[in-house]
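To keep things clear, I will list the structure first and then write my remarks on it.
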There are 2 protein chains.
Amino acid sequence: MLSDVMEDYLKATYVLQREGGPPVRTSDLAEYLGVTPPTVTSMLEKLADRELVEREKYKGVELSDEGETVALEILRHHRLLESYLAEHLDYDWSEVHEEADALEHHISEAFERRVANALGEPRVDPHGDPIPTEELAPLADDDTAALADIEEGETVTVARVSDRDDEHLAYLAERGIEPGAELDVVTVAPIDMVTVHVEGDEIHLPTAIAASIRVERETRATA
Amino acid sequence: MLSDVMEDYLKATYVLQREGGPPVRTSDLAEYLGVTPPTVTSMLEKLADRELVEREKYKGVELSDEGETVALEILRHHRLLESYLAEHLDYDWSEVHEEADALEHHISEAFERRVANALGEPRVDPHGDPIPTEELAPLADDDTAALADIEEGETVTVARVSDRDDEHLAYLAERGIEPGAELDVVTVAPIDMVTVHVEGDEIHLPTAIAASIRVERETRATA
DNA sequence: ACTAAGTTTTAGACGCGTCTAATGCGGGGT
DNA sequence: ACCCCGCATTAGACGCGTCTAAAACTTAGT
């Protein structure tokens with residue numbers, strides 16, 4: 001039986017781990033989870049004992065296959081819940097994250113199935129993030145770019161907006177920056193600011209925010 | 001900030017406490033919650049420190065007004081969740097209890113309101129139990145009787161069926177014993193068994209089960 | 001009133017997840 | 001090649017919720 005907290009560490013490791021990238025470091029997890037580094041070290045030891053992560057001391061951790069499966073299960077719960085709250089309980093797109101975080105550890109298999117069914121087995125959640133399948137197959141690599149890395153003059157489509165901060169989300173949603181929106185990147189200023197046009201309006205975004213908006217460079221056909 | 005466990009103790013104290021009755025005893029709570037008596041004692045001390053219960057050593061506890069409010073809040077969550085699962089997520093009446101127990105500590109005010117709204121502000125849950133109002137006003141006294149206490153020959157209407165055991169519930173539901181059903185009490189045998197007629201069928205029930213079925217002696221108009 | 005049975009509380013321990021303070025490792029700049 | 005600084009780990013503590021074993025209280029029966 002995995003504790004809620006262990007599940008949180010696995011989920012955090014998953015989202016912090018870039019495909020094929022370097023191991024996730026202690027301090028990154030500490031910051032992401034809002035705990036101190038020693039706390040992370042001791043939790044990582046337990047996770048390694050249970051073979052949910054592969055750990056190399058002083059280097060960091062990577063999820064084992066089993067650990068990844070657990071992370072995908074929690075992520076599936078999270079994203080199904082977000083979708084359900086938005087679609088059936090009249091939640092606003094930007095206020096769904098916190099509630100899903102609270103519930104994701106506590107729903108049964110039956111609940112998961114019924115919610116997925118009620119939604120028609122969706123593939124992405126309201127933020128644009130992919131929902132793991134019931135079989136928890138690894139998610140396909142991400143071929144989007146961060147808005148912060150786009151050159152001036154390009155036109156891109158918003159693919160996903162990070163769900164980490166409800167406040168930012170509400171701000172962006174109000175201004176029309178949500179999955180599917182078309183953006184013209186007008187200027188990338190050297191003062192940590194990017195300017196875009198969306199639906200005729202001009203929007204200024206600090207780089208930190210622009211980094212959490214994933215975009216597609218050219219329109220492509222999707223199934 | 002109350003822990004989940006504290007909320008469980010308060011809820012348990014609420015359901016074990018008969019209106020105006022004697023204080024709830026340590027061993028009753030221990031059995032109900034599946035923990036040992038010393039564990040209950042130490043938790044009760046903490047609850048008394050926070051003035052959520054009034055405790056008299058060696059005698060038992062009663063909920064304070066504040067403790068009762070917390071219990072009613074959890075009960076409201078529980079019963080709204082049961083209702084929602086049954087009505088909107090295709091759960092069977094007899095399998096909602098466990099899921100509601102897992103979720104009841106983790107939903108927000110917003111969630112509670114939206115679920116209540118989606119259901120049309122119901123007054124009772126699928127088991128027939130009353131749902132506390134949003135203002136958490138104390139629930140009216142119960143004027144029902146236990147089926148086990150009914151005399152032979154009487155005809156009664158099922159008001160509520162305890163939601164403590166999903167297995168029993170499924171069994172009873174299959175045989176038509178659910179809120180609103182009319183029962184003729186045929187025999188009350190001295191061997192811990194009562195026999196009733198429901199919808200033409202004859203059903204035999206051990207007294208322990210009959211004790212958990214609350215019935216109304218005569219039909220009365222209800223708003 | 002005394003005593004025995006049953007219940008409750010006290011005492012002391014443990015695992016979990018967290019912290020702070022102290023120590024240890026390792027990679028980059030001179 | 002060395003040293004330093006940043007990051008990670010070890011050491012030791014704490015609160016929570018739980019347990020078992022032992023002591024204390026209550027109460028019912030004689």
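Quick note on labels: first sequence line is chain A, next is B, and so on, each numbered from 1. All values below come from the heavy atoms of this structure, side chains included, with hydrogens, waters and symmetry mates left out.
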So, do [X] and [Y] sit near enough that their side-chain heavy atoms are less than 4.5 Å apart?
| X | Y | result |
| --- | --- | --- |
| B:Leu33 | B:Thr39 | no |
| B:Met6 | B:Leu47 | yes |
| A:Leu139 | A:Tyr14 | yes |
| B:Ile131 | B:Glu121 | no |
| A:Leu85 | B:Arg114 | no |
| B:Val115 | B:Ile107 | no |
| B:Tyr9 | B:Val61 | no |

More than 12 foreign heavy atoms under 6.0 Å from CD of B:Glu98: is that the case here?
-> no
Sequence-distant partners of [X], ring-ring contact (aromatic ring centres under 6.0 Å, His included), two or more places apart:
| X | answer |
| --- | --- |
| A:His105 | none |
| B:Tyr84 | B:His88 |
| B:His204 | none |

Tell me the salt bridge (charged side-chain N to carboxylate O under 4.0 Å, His left out) pairs involving residues 26-37 of chain A, sequence neighbours left out?
-> A:Arg25-A:Asp28
Minimum-distance pair of heavy atoms, taken over all atoms of A:Ser108 and B:Tyr91 = OG-OH, 3.9 Å
What pairs of donor and acceptor atoms, side-chain ones from residues 64-81 of chain A against any protein atom, are under 3.5 angstrom apart with sequence neighbours left out?
from, atom 1, to, atom 2, distance (Å)
A:Ser64, OG, A:Glu51, O, 2.9
A:Ser64, OG, A:Leu52, O, 3.0
A:Ser64, OG, A:Glu66, N, 3.3
A:Ser64, OG, A:Gly67, N, 3.0
A:Thr69, OG1, A:Asp65, O, 3.0
A:Glu73, OE2, A:His77, NE2, 3.0
A:Arg76, NE, A:Glu112, OE2, 2.6
A:Arg76, NH1, A:Pro132, O, 2.8
A:His77, ND1, A:Glu104, O, 2.9
A:His77, NE2, A:Glu112, OE1, 2.9
A:His78, ND1, A:Asp101, OD1, 3.3
A:His78, ND1, A:Glu104, OE1, 2.7
A:His78, NE2, A:Glu82, OE2, 2.9
A:His78, NE2, A:His97, ND1, 3.1
A:His78, NE2, A:Asp163, OD2, 3.2
A:Arg79, NH1, A:Pro130, O, 2.7

Using distance only, find each side-chain donor-acceptor pair of residues 144-151 of chain A under 3.5 Å and give its atom names and separation, not counting sequence neighbours.
from, atom 1, to, atom 2, distance (Å)
A:Thr144, OG1, A:Asp142, OD1, 2.7
A:Thr144, OG1, A:Asp142, OD2, 3.2
A:Thr144, OG1, A:Arg160, NH2, 3.4
A:Thr144, OG1, A:Arg214, NE, 3.0

Could you check which residues of [range] get a heavy atom under 4.0 Å from DNA chain C? Sort them by number, please.
| range | value |
| --- | --- |
| residues 41-50 of chain B | B:Thr41, B:Glu45 |
| residues 3-12 of chain B | none |
| residues 22-38 of chain A | A:Val35, A:Thr36, A:Pro38 |

Under 3.5 Å donor-acceptor, A:Gln17 side chain and A:Leu63 backbone | yes
Without swapping roles, check the side chain of B:Glu62 against the backbone of B:Glu54 for a donor-acceptor pair under 3.5 Å.
->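 Here the side-chain-to-backbone pair does not exist.
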Going 5' to 3' along DNA chain C, which nucleotides are the first and last within contact of chain A (any atom under 4.0 Å from a heavy atom)?
-> C:dG17 to C:dG27
Could you list, one pair per line, each protein nitrogen or oxygen that sits under 3.5 Å from a nitrogen or oxygen of nucleotides 23-26 of chain D, together with the distance?
none

For the helix from C:dA1-D:dT30 to C:dT30-D:dA1, what angle lies between the axis at the first five pairs and the axis at the last five pairs, to 10 degrees?
->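 Both end axes considered, the difference amounts to 10°.
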